[in-house]
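Data block below; observations after.
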Amino acid sequence: MSPNNNKGYFVISLDFELHWGVFDALDLNSYHSNLLNARKVVEKLIELSDEYGIHLTFATVGLLFAGNKKEIEEFIPKRIPGYSNKNLNPFSLLNQIGEDEKSDAIHYAKSLVEKIKKNGNHEIGTHTFGHYNCLASGQNIEDFYADLVSAKEIAETMDLKLESIVFPKNQVNNSYLLQCKKNGITNYRGAEMHQLYNFDIRNKKSYRLPESIIRLLRLIDGYLNISGNHTYPINAIEPDELGLINLPSSRFYRAYSPRLSWFEFLKRRRIKKAMLHAAKNNELFHLWWHPHNFGDHMEENFKNLENIFKYYSKLNSKYKFKSISMTGLTNEILQKLKTK
C-alpha cells in the first residue's frame with residue numbers, strides 16, 4: 001500500500017474531572033496546585049491543539065457542568081451508589097465545597113465547558129456524573145443508570161448531547177453498556193488488550209500479578225515497549241450487539257517527572273513509534289490522560305506534547321494520519337459500514 005492510500009486515526013481523550021476524580025485517592029493539600037492549574041492546562045490544550053489541527057474529546061464529569069451548589073443539588077442522581085467503600089461517594093463532599101465556580105475552582109468548571117463548546121473543534125463527552133466506579137462493590141446497575149441520566153440532563157442545560165463515555169479509572173463494566181445505549185451513548189473507550197491494563201483479561205489469568213508489580217510494569221511500559229503498540233485496525237472496529245463502538249486506549253500519556261527526566265526521549269519515542277505504526281497500517285492510536293496531570297511542570301509537559309503534535313503533522317502530511325474525536329471516528333466507521 002502506498003503512503004497516499006493510508007488513513008490511520010489519532011484520537012485523544014481527556015479525563016476532565018478536577019478534584020472529583022482524585023478526592024478518594026490523593027491528599028488535597030499536596031495536589032491542590034495541580035487541580036487549580038488544570039484550568040490553565042485546559043485552555044492551553046485547546047490553543048495548542050487548534051494550532052496543529054488536533055481534535056480532543058473532553059470526557060467531563062457531570063458535576064463540573066454545574067455553575068453553583070444549587071445546580072448540583074438539582075441534578076444529583078435519584079439513586080446514590082451504595083459503595084461498600086464509603087470514601088468513593090463524591091456526594092459526601094457537598095457540605096465541604098464552595099458555593100460556585102468563583103469561590104471553588106476545583107469543583108466547578110462550567111465556564112471551561114462553555115469555552116470548549118464555543119471553540120467548536122473539540123468534543124465534550126461524559127466521564128459519568130459523579131465519577132462513577134463501575135466495578136466497585138456495593139453499587140449496582142440501577143445506580144449507574146441514574147448517574148448517566150443526571151449526566152445527560154445537566155449537559156442538556158448547555159445544549160450538549162453526550163455521545164461518548166470514558167469510564168472512570170478505566171473500569172468498563174460490560175453489563176452496564178446497555179444503560180449507556182439507553183442514554184444516547186454511541187461509543188466508549190475500552191482498555192488495552194493486555195493484562196497490565198485490562199481487568200477482564202487479568203481476571204481470567206490463573207495467576208494474578210500483585211498490584212505493586214503491575215504498577216511498576218506499567219511505569220516501565222510507558223518508556224519501553226513491553227506490552228505492544230496497542231493500535232487497532234480500523235476495519236476491525238465494528239459495533240457490538242448493542243450497536244456501540246469500542247475505541248480502546250493505546251497509551252496513557254505520562255506527565256513529566258523530574259526524577260525520570262533523562263528518559264523523556266524514551267517516552268516520546270514509545271508514543272511516536274505506535275503513531276507511525278497506526279499511520280502506516282490504517283489503524284487507531286488512542287492517547288489519553290487527565291488535564292490535572294499537566295498541572296505541575298506545565299512548561300515541560302507542553303514542550304513534550306508539542307513535540308508529539310509536530311510529529312502528528314508529519315504523519316498527517318505523509319500518510320493522511322487523521323486527528324479526530326471519539327464520536328467523529330464512530331460516525332465515520334458507521335458511515336463506512338452503511339456504504340459497504
Side-chain angles (χ1 to χ4, degrees), residues 10-19 21-22 25-27 30-31 33-35 37-38 40-42 44-45 48-49 52 54 56-59 127 131 166-171 189-199 202 209 211-232 247-278 284-312 323:
F10 184 32
V11 169
I12 295 179
S13 57
L14 301 163
D15 299 18
F16 185 25
E17 55 193 30
L18 297 184
H19 189 227
V22 298
L26 296 178
D27 176 62
S30 62
Y31 204 66
S33 62
N34 275 70
L35 298 174
N37 287 337
K40 296 177 183 177
V41 168
V42 168
K44 192 163 180 61
L45 281 170
L48 188 66
S49 297
Y52 287 92
I54 300 287
L56 307 172
T57 294
F58 287 89
H127 201 36
H131 202 258
V166 168
F167 292 90
K169 302 180 182 179
N170 279 342
Q171 294 183 355
R189 187 183 77 202
E192 296 96 313
M193 298 304 294
H194 192 278
Q195 68 166 318
L196 287 182
Y197 305 97
N198 194 294
F199 292 102
R202 199 181 312 159
L209 293 171
E211 285 299 317
S212 58
I213 299 298
I214 288 175
R215 285 194 295 270
L216 175 60
L217 291 175
R218 283 181 177 176
L219 175 62
I220 296 171
D221 193 40
Y223 298 85
L224 301 172
N225 188 348
I226 63 174
S227 71
N229 285 326
H230 302 299
T231 58
Y232 312 94
L247 301 173
S249 58
S250 302
R251 181 119 314 270
F252 172 69
Y253 188 90
R254 291 186 174 273
Y256 174 85
S257 168
R259 291 187 298 112
L260 299 173
S261 60
W262 288 99
F263 305 107
E264 286 295 303
F265 77 98
L266 291 175
K267 180 178 70 180
R268 293 192 301 269
R269 187 178 69 178
R270 173 89 162 97
I271 292 171
K272 288 179 179 179
K273 282 189 173 183
M275 290 171 67
L276 177 61
H277 179 84
L284 163 65
F285 179 74
H286 190 163
L287 189 65
W288 71 279
W289 70 95
H290 313 83
H292 58 70
N293 296 143
F294 279 20
D296 197 11
H297 306 291
M298 285 178 59
E299 182 178 347
E300 293 87 350
N301 279 314
F302 276 100
K303 182 179 179 180
N304 278 334
L305 185 62
E306 185 166 18
N307 184 279
I308 298 297
F309 283 5
K310 285 180 178 178
Y311 189 65
Y312 159 75
S323 171

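These numbers come from the heavy atoms of this one structure, side chains and all, not from hydrogens, waters or symmetry mates.
In this structure, CG on Leu247 lies 6.0 Å from CG on Leu284, to the nearest 0.5 angstrom. Asn229 CG to His277 NE2: the interatomic distance, rounded to the nearest 0.5 Å, is 5.5 Å.
Residues that satisfy the side-chain contact (heavy atoms from CB on, under 4.5 Å) test with Ser30, not counting sequence neighbours, are Asp27. Residues meeting the ring pair (Phe, Tyr, Trp, His ring centres under 6.0 Å) test with Tyr256, sequence neighbours left out: His297. Tyr52 meets the side-chain contact (heavy atoms from CB on, under 4.5 Å) test with Leu48, Ile54, Glu306, Phe309, Lys310, Ser313; sequence neighbours excluded. Tyr31 pairs by the side-chain hydrogen bond (donor to acceptor under 3.5 Å, both in side chains) definition with His292, not counting sequence neighbours. For His131, the ring pair (Phe, Tyr, Trp, His ring centres under 6.0 Å) criterion is met by His127, not counting sequence neighbours. The side-chain contact (heavy atoms from CB on, under 4.5 Å) search around Asp296 returns Asn34, not counting sequence neighbours. Every side-chain contact (heavy atoms from CB on, under 4.5 Å) that Lys273 has, sequence neighbours left out, goes to Arg269. Judged as a salt bridge (charged side-chain N to carboxylate O under 4.0 Å, His left out), and not counting sequence neighbours, Lys272 has no contacts. For Ser227, the side-chain hydrogen bond (donor to acceptor under 3.5 Å, both in side chains) partners two or more places apart in sequence, or in a different chain, are Asp221, His230. Not counting sequence neighbours, Phe167 has no partner by the ring pair (Phe, Tyr, Trp, His ring centres under 6.0 Å) test. Every residue meeting the ring pair (Phe, Tyr, Trp, His ring centres under 6.0 Å) condition with Phe294, not counting sequence neighbours, appears here in chain and number order: Tyr253, Trp289, Phe302.
Within 6.0 Å of CZ in Phe263 there are 12 or fewer heavy atoms belonging to other residues, nucleotides or ligands.
Ile271 places none of its side-chain heavy atoms less than 4.5 Å from the side chain of Tyr311. With contacts defined as side-chain heavy-atom distances shorter than 4.5 Å, the pair Glu211/Leu216 does not qualify. Considering only heavy atoms from C-beta on, Phe285 comes within 4.5 Å of Arg251 through its side chain. Annotation: side chain of Met275 is not in contact with side chain of Leu287 (no heavy-atom distance under 4.5 Å). Between Ile12 and Tyr312, every side-chain heavy-atom pair lies at or beyond the 4.5 Å cut-off.
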_Steps toward side chain to side chain contact (heavy atoms under 4.5 Å, CB included) verdict (Val166, Thr57)_ = CA-CA 10 Å; Val166 168; Thr57 294; 5.7 Å; no

*For Leu45 and Leu305, run side chain to side chain contact (heavy atoms under 4.5 Å, CB included): C-alpha distance rounded to whole Å, both residues' side-chain angles, the deciding distance at 0.1 Å, then the answer.*
CA-CA 9 Å; Leu45 281 170; Leu305 185 62; 3.5 Å; yes

*Passes side chain to side chain contact (heavy atoms under 4.5 Å, CB included), Asn293 versus Phe252? Steps please.*
CA-CA 11 Å; Asn293 296 143; Phe252 172 69; 3.6 Å; yes

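Sorted by first and then second residue, the salt bridge (charged side-chain N to carboxylate O under 4.0 Å, His left out) pairs with a member in residues 254-264 read Glu264-Lys267; sequence neighbours excluded.
Closest of all the heavy-atom pairs between Pro248 and Ala191 is CB-O, 4.0 Å. Residues Leu56 and Ser49 share a closest heavy-atom pair of CD1-OG, 3.3 Å. Across Pro291 and Asp15, no two heavy atoms sit closer than the pair CD-O, 3.3 Å.
Applying the side chain to side chain donor-acceptor pair (under 3.5 Å) test between Ser249 and each of Arg189, Glu192, His286 identifies Glu192 as the sole match.
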